[in-house]
Each structure stands twice: as C-alpha cells, then as structure tokens.
*Asks:* 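Dropping a structure here in structure tokens format, bear with me for questions.
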Amino acid sequence: MTSWFEKLTPNFLHPESKKVSIPEGVWHKCPNCKETIYGKDLKKSLKVCTTCGFHFLLCATERIEQLTDADSFKELYANLTPEDPIKFVDSKPYPERVKMAKRKTGLTEAVLTGDAKINGRLVSLAVLDFGFMGGSMGSVMGEKITRLIEHSADTNQPLIVVSASGGARMQEGILSLMQMAKTSIALNLLKDQHLAYISLLTYPTMGGVSASFAMLGDVILAEPGSLIGFAGPRVIKQTIKQDLPKQFQRAEEQLEHGGIDRVVKRGDLKDELSKILDYLTANIQ
Amino acid sequence: MATLYFERELVELKDKLAKLLDSSDTTTTKSLITKLKKEIVKKEKSTYQNLDAWQTTLVARHPKRPGTTDFIKTCISDFIELHGDRHYRNDKAITAGLGTLDGHKFMILGHVKGSNTTDNLKHNFGMANPEGYRKSLRLMQLAQKFNLPILTLIDTPGAYPGIGAEDRQQAESIAVCLREMGILKVPIISVVLGEGGSGGALALAVANRLLMLSNAVFGVISPEGCASILWDNPAKAKQASGMLKQTARDLKDLNIIEEIIDEPFSCAHNNPLLTLENVKAAIIRHYLVLSKLSPTQLLAQRQKKFRLIGRYK
Ligand SMILES: [Zn+2]
C-alpha cells in the first residue's frame with residue numbers, strides 16, 4: 001500500500017492541477033484524447049475535457065469552489081502542521097519535502113477541512129489535495145479528519161469527504177498507519193447520531209486512505225475514471241506477474257464489482273450530493 | 001535460507017562442534033571441544049547483540065520463527081477452528097477459532113504464513129484477501145456476543161495485492177475491521193509475533209493492548225516497497241529499513257505499543273518454546289488487568305489510545 005503515488009502514470013497527472021485557478025488565456029492539452037482546450041472553456045466545463053469527458057485533477061480549492069455555495073467555506077484546523085516524528089530523510093529531509101509541498105500548493109497540509117454550504121445546507125467538508133505529497137495521510141490529515149468528524153457530531157451536521165490520495169505517508173512511519181484506525185474509529189460517532197457521511201472518491205483513492213475513511217461512507221460516489229483500490233496497480237502487477245485488465249480499479253469497474261454506489265460526472269456532483277442529503281436527513285429527528 | 005547472513009560464522013562453529021562431538025576419539029578432542037564451546041558463546045553474543053533494523057527484519061521473517069500455528073499448538077488447549085466469512089470462502093491466511101489459554105477462554109485469530117513451500121502456498125504467505133478480514137470481523141463480533149475476550153496474533157507481509165482481492169474490495173474489508181474493532185465491548189489483546197505489514201496487519205491490531213516480540217517489526221510499508229518508491233530499487237531495502245523505524249523498540253519509543261516481549265538471546269527461531277512461553281505469560285498478565293474493566297472502560301481505553309496517536313504542531 002502507501003505512497004506509490006509518485007509513480008502514477010504521468011499522463012494522468014496534470015501540471016495545472018496545483019494552481020488555484022486556470023490561466024484562462026492559454027491552451028491546455030487533454031491527457032486522454034490529446035485535444036487542446038482553451039483555458040476559459042476548461043474552467044467553464046469544471047475542468048472536464050469538452051471533447052472526451054476526461055476529468056482533470058482538481059486542487060482542493062478548485063473542488064471547494066465547484067461543490068459549495070459561493071464564499072460559504074469556513075476553514076477549520078488550518079493551523080495544524082506536520083512534525084518530523086521519525087526523522088525521515090530520503091533525498092531530502094521530510095520537513096524539507098513538506099516545505100516544498102506548501103510552497104507548491106499554497107496549503108498547509110494535504111487536506112482542507114471546514115464548514116461549508118451546499119445548496120444552502122450546512123455540512124462539514126474535507127477535501128484532500130493530491131498535489132500536496134500525493135494527498136498522503138500523516139498525523140495532520142488523520143487529526144483534521146478526526147476533528148471534523150467530531151465537529152459533525154457536535155454540530156449535528158452531515159459529513160462530506162472528497163478523497164484524492166496515494167495512501168498513507170511513509171515519511172511518518174507507523175504514525176501514519178495508525179491514522180487509518182483513528183479516523184475509522186471516529187466514524188462510529190456519526191452512526192450513533194444517524195448523521196449522514198458521503199464519501200466522494202476521485203483520482204486516485206488508494207492505500208491507507210481507501211482502507212479507512214474513504215470506503216466507509218454511508219453513500220460512496222466516484223468521479224468517472226477515478227482509480228480506486230487498496231494496492232497500487234504497479235505493486236499488483238509485480239506480485240501476480242500478469243498484465244492488468246484495462247479498466248482495472250477504475251470507478252466504472254468498481255461500480256460493477258459493487259464497491260461504490262454511483263459514478264457521477266463532475267457537473268452533476270453538487271446537486272446529487274444535495275439530493276442524497278435531502279433523503280438521508282428527511283426523516284431523522 | 002534458514003541461516004541468515006550474519007549467523008553464518010556461528011552456524012559453522014556449531015557444525016564443527018557437532019562433528020567433534022560425534023567423533024570417537026574423546027581424549028584428544030576434549031580440550032578442543034571446551035575451546036569451541038567458549039568460542040560459540042562469544043560468537044553468539046556478537047551475532048545477536050545489537051541487531052540493526054535490517055537484521056531484525058530478517059529475523060522477524062525467519063521461516064523457523066514461531067507463528068500463530070505454533071502458538072496454538074503449544075499454548076492453547078481445546079482449540080476449535082472456525083472457518084469462513086459466510087459469503088465467499090475460507091481464507092487460510094488467517095486462522096481463527098475458540099481456544100483456552102491457561103484456563104481462560106478466548107476467541108483467537110492470527111495470520112499464518114506457513115512453514116514450508118507447500119504450506120506457504122496454502123496460506124498465501126499470510127497475505128489475506130478480503131474474505132480473511134471479513135472472517136476475522138465476523139468472529140470478533142461473535143466473541144463480543146458471547147462475552148469472550150479476543151486475542152489476535154499478527155504475522156503478515158500485508159494484505160494480498162491481487163486482482164480478485166481488489167474486485168472484492170480489499171480496502172473496504174480492512175476499513176470496516178478498523179471501525180468495528182473500535183467499538184467491540186470485550187478485551188482485545190494483539191501480539192505482533194513476526195511481521196506486521198501495514199493495513200493487513202493493522203486490521204487485526206485495533207486492541208486494548210498491542211504487544212510486540214522484541215525482534216518483530218510493524219510498519220506502514222515494507223523496506224522493499226519503500227526502497228522501490230524512493231530509489232526504484234528494492235535491493236536498497238536495508239537502507240530503507242533503518243529509516244522506517246519499525247522495530248519493537250521504535251514503536252515503544254513512539255508510544256504505539258504497550259510492551260516489548262523478550263525473545264531468548266539467540267532469537268525466537270533458535271528457541272521457539274521459550275519465546276512462546278514469554279508470549280503466553282505476557283498475554284495472561286495483560287488479560288488479568290483488562291478482565292477487571294467494564295465494557296465502557298474497555299471502549300474508553302481503546303478509543304482514547306487511538307484518538308491520541310499522531311504528532312503535529
Ligand atoms: Zn479529452
């Protein structure tokens with residue numbers, strides 16, 4: 001499991017994903033169909049290819065902008081930032097990697113958490129950012145997600161988590177692994193209060209994130225083409241020494257296998273979330 | 001294979017001694033034997049003292065290391081194995097059942113790697129598929145229903161990375177174990193006997209007491225996996241193992257485990273019986289404490305422990 005994200009097929013990574021807004025005056029090439037799209041049009045289409053429907057990666061702020069009512073997002077726990085618990089050094093020390101990720105994304109960690117409104121309804125919202133060290137979960141993400149779950153329980157508010165992650169953050173060793181248990185255990189709080197938790201899986205949701213809170217939604221939605229699974233394709237290929245089926249671990253395939261409830265196009269997400277919450281809250285208390 | 005690279009000289013000395021003891025000429029060999037025995041004691045000390053992270057990893061994976069099957073055979077009476085997840089099949093990477101430890105009745109679950117090639121294949125090297133975790137959860141919930149404490153024994157390279165495992169939702173099967181173990185109202189004791197490989201190990205480790213044998217390892221990724229991500233070279237696993245901080249000592253220092261269970265000086269694989277005795281004693285000791293707690297206290301203790309894990313500013 002874990003952070004194989006750095007080896008993800010490069011053609012699915014989009015360099016613009018890390019930027020908050022798309023430069024409108026430039027042309028973008030679709031990594032899937034290779035067609036070029038004008039920046040303005042790409043923004044209007046919510047960063048979905050107008051030719052083939054390919055969903056470009058979104059950063060957390062773009063996602064929040066698309067999913068929530070204008071200016072309704074109020075960030076919580078923004079001040080939490082990683083320590084260096086096992087003094088991990090590869091080509092760079094871990095604190096150096098964190099600093100680079102901060103500079104690159106403008107975020108303090110791989111997840112944004114807070115209150116937001118979706119079509120007027122207050123929800124607790126967490127959005128992972130793949131651009132920040134592959135959206136990997138370390139102590140800070142585990143703590144922010146757990147606090148947000150507790151906040152949902154305190155405020156009687158549904159929870160929505162948008163995942164995009166290669167898995168646990170190996171730079172924090174066992175502490176990262178344990179965040180899987182911490183976040184999963186916390187979700188029992190919502191069950192006790194009949195509070196809805198909708199998990200939205202995007203490209204990619206793997207490893208320690210899928211094997212904890214991401215796969216525990218009351219309702220699990222996924223964007224088209226998302227890679228969803230536990231072990232990374234590379235690891236599986238090496239283990240079984242066979243080629244993998246073409247659509248392996250894609251959202252559409254996971255829908256067939258019964259792992260998720262729905263595959264939802266980006267443009268329909270906000271209204272679907274809102275309608276599902278209507279159902280899951282209508283007859284409670 | 002059974003001899004680790006740093007044990008070679010010691011094994012040679014032991015072989016030499018065995019040959020001498022076999023020879024008939026006792027008068028001339030007697031002094032040689034005494035000398036050799038002294039040498040062996042010295043060599044043992046230098047071999048097993050201060051194992052580094054990589055040597056510990058190899059010891060933790062040693063094929064002769066006592067595992068779940070040995071523990072059940074040696075320490076458990078009246079073991080009744082229970083099978084299957086009730087949905088798909090019985091996963092042999094995890095053995096589970098009812099068993100008695102020193103008069104106390106337990107639900108016991110543990111990874112089984114197998115002790116020879118045929119056995120390894122049968123048990124899939126201890127790498128469970130989703131049905132393995134679903135079997136575990138089914139039986140842990142059964143334990144709760146009948147107020148039996150739960151003992152889990154951890155020894156796995158990780159959850160199996162395969163096509164079928166993914167199609168049957170490996171991630172979900174682990175996640176559900178983590179969530180549900182958090183609210184089981186009976187004592188849960190987990191012991192890492194050998195290898196604790198990431199999520200596949202954690203799925204059995206949401207316990208009131210997490211104990212580790214002194215040469216066991218438990219981590220977020222294997223040293224090989226880490227090396228292949230960082231340097232595209234699994235052969236640099238030795239280097240990675242030092243960075244990942246996965247030994248029992250590391251986990252004790254990080255406040256993740258409650259206790260390190262001592263192995264005999266020459267490691268578990270050279271003295272499985274004494275090792276299992278130590279494991280048994282530690283389990284009973286912790287069980288006697290936990291058995292006095294109410295269900296509410298057990299939940300509070302376990303939930304608080306996991307809630308507090310993490311380092312941040
Ligand atoms: Zn396209």
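Scope of the values below: all heavy atoms of this structure, side chains included, with no hydrogens, waters or symmetry mates. All figures in this text were calculated on a predicted structure; none of them were measured in a lab.
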*Asks:* Of the backbone (N, CA, C, O) and the side chain (C-beta and beyond), which part of T239(A) lies under 4.5 Å from a heavy atom of chain B, both, or neither?
*Replies:*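 Side chain only.
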
*Asks:* With no hydrogens and no angle check, is any side-chain donor or acceptor of S165(A) less than 3.5 Å from a backbone partner on G135(A)?
*Replies:*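 Here the side-chain-to-backbone pair exists.
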
*Asks:* Taking side chain as everything from C-beta outward and backbone as N, CA, C, O, which of these in L210(B) sits under 4.5 Å from a heavy atom of chain A? Side chain, backbone, both or neither.
*Replies:*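 When you check distances to chain A, only side chain atoms of L210(B) fall under 4.5 Å.
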
*Asks:* For the CD1 atom of I149(A) and the OG atom of S124(A), what is their distance to the nearest 0.5 Å?
*Replies:*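 Going from CD1 on I149(A) over to OG on S124(A), the span is 9.5 Å.
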
*Asks:* Quick one: of K87(A), Q238(A), E150(A), Q242(A), who has the most non-hydrogen atom pairs under 4.5 Å with chain B?
*Replies:*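 Greatest number of close heavy-atom pairs with chain B: E150(A).
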
*Asks:* Among T146(A), I228(A), V140(A), who wins on heavy-atom pairs under 4.5 Å with chain B?
*Replies:*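 If we count pairs closer than 4.5 Å to chain B, T146(A) comes out on top.
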
*Asks:* With a strict 4.5 Å heavy-atom criterion, list every residue of residues 182-192 of chain B that contacts chain A, or say none.
*Replies:*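 So far as heavy atoms go, G182(B), I183(B) are the residues that approach chain A to under 4.5 Å.
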
*Asks:* Residues in side chain to side chain donor-acceptor pair (under 3.5 Å) with R134(B), at least two apart?
*Replies:*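 Per chain and number, R134(B) pairs via side chain to side chain donor-acceptor pair (under 3.5 Å) with E172(B).
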
*Asks:* Could you tell me which of K313(B), Q169(B), Q246(B) has the largest number of non-hydrogen atom pairs under 4.5 Å with chain A?
*Replies:*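 Ranked by contacts with chain A, first place is K313(B).
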
*Asks:* I'd like to know if the side chain of T117(B) pairs up with that of N120(B) as donor and acceptor (distance under 3.5 Å, no hydrogens or angles considered).
*Replies:*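 On atom types as modelled, these side chains do not qualify, holding no pair under 3.5 Å.
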
*Asks:* Take atom NZ in K102(A); do more than 12 heavy atoms of anything else shown fall under 6.0 Å from it?
*Replies:*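 Count over threshold, so yes.
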
*Asks:* What residue, out of E253(A), M215(A), E109(A), K237(A), has the most heavy-atom pairs lying under 4.5 Å from chain B?
*Replies:*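 Top count of heavy-atom pairs under 4.5 Å with chain B: M215(A).
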
*Asks:* Run the side-chain donor-acceptor check on residues 188-196 of chain A: report pairs under 3.5 Å with partners two or more places apart or on a different chain.
*Replies:*
| from | atom 1 | to | atom 2 | distance (Å) |
| --- | --- | --- | --- | --- |
| N188(A) | ND2 | I185(A) | O | 3.0 |
| N188(A) | ND2 | R179(B) | O | 2.9 |
| Q193(A) | NE2 | A153(A) | O | 3.4 |

*Asks:* Using only atom types and a distance under 3.5 Å, with no angle test, would you say the side chain of H111(B) pairs donor to acceptor with the backbone of G200(B)?
*Replies:*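 Yes.
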
*Asks:* Could you have a look at I163(B), D167(B), L202(B) and say which one has the most heavy-atom pairs with chain A under 4.5 angstrom?
*Replies:*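 Heavy-atom pair counts peak at D167(B).
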
*Asks:* Between E195(B) and R61(B), is there a salt bridge with N-O shorter than 4.0 Å?
*Replies:*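 Salt bridge flag = yes for E195(B) with R61(B).
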
*Asks:* Determine the option with the most heavy-atom pairs under 4.5 angstrom with chain B, choosing from E83(A), Q249(A), Q179(A).
*Replies:*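 Greatest number of close heavy-atom pairs with chain B: E83(A).
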
*Asks:* Please assess R89(B) against E131(B) for the test salt bridge (Lys or Arg N to Asp or Glu O under 4.0 Å), listing each intermediate value before the final yes or no.
*Replies:* CA-CA 7 Å; R89(B) 71 173 163 202; E131(B) 48 275 17; 2.9 Å; yes

*Asks:* Would you call E172(A)-R311(B) a salt bridge at under 4.0 Å N-O?
*Replies:*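 Looking at E172(A) and R311(B), the cut-off is not met.
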
*Asks:* Between P82(A) and chain B, which part of the residue has a heavy atom less than 4.5 Å away: side chain, backbone, both or neither?
*Replies:*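 The backbone, not the side chain.
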
*Asks:* Given a strict heavy-atom distance threshold of 4.5 Å, which part of I256(B) is in contact with chain A: side chain, backbone, both, or neither?
*Replies:*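 Side chain of I256(B) only, per the 4.5 Å heavy-atom cut-off to chain A.
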
*Asks:* Among the options V89(A), D90(A), L175(A), T81(A), pick out the one with the most heavy-atom pairs lying under 4.5 Å from chain B.
*Replies:*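 Ranked by heavy-atom pairs under 4.5 Å with chain B, first place is T81(A).
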
*Asks:* Go through the atoms of V206(B) and report whether side chain, backbone, both or neither lie under 4.5 Å from a heavy atom of chain A.
*Replies:*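 For V206(B), the side chain is the part near chain A, not the backbone.
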
*Asks:* Let me confirm one number: the CG-CZ distance from L200(A) to R262(A), rounded to the nearest 0.5 Å.
*Replies:*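 Result: 12.5 Å between the selected atoms.
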
*Asks:* Ignoring hydrogens and angles, tell me if any N or O in the side chain of S214(B) forms a donor-acceptor pair with the backbone of E263(B) under 3.5 Å.
*Replies:*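 Judged by distance alone, yes, a pair lies under 3.5 Å.
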
*Asks:* Report which part of D84(A) has an atom under 4.5 Å of a heavy atom belonging to chain B: side chain, backbone, both, or neither.
*Replies:*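 Neither the backbone nor the side chain of D84(A) comes within 4.5 Å of chain B.
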
*Asks:* Can you list everything that forms a salt bridge (charged side-chain N to carboxylate O under 4.0 Å, His left out) with R138(B)? Sequence neighbours excluded, please.
*Replies:*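 Scan of R138(B) (salt bridge (charged side-chain N to carboxylate O under 4.0 Å, His left out), adjacent residues dropped) gives none.
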
*Asks:* Sort out for me which of M243(B), K305(B), K245(B), Q170(B) touches chain A most, counting heavy-atom pairs under 4.5 Å.
*Replies:*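 Looking at each option in turn, the highest pair count goes to M243(B).
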
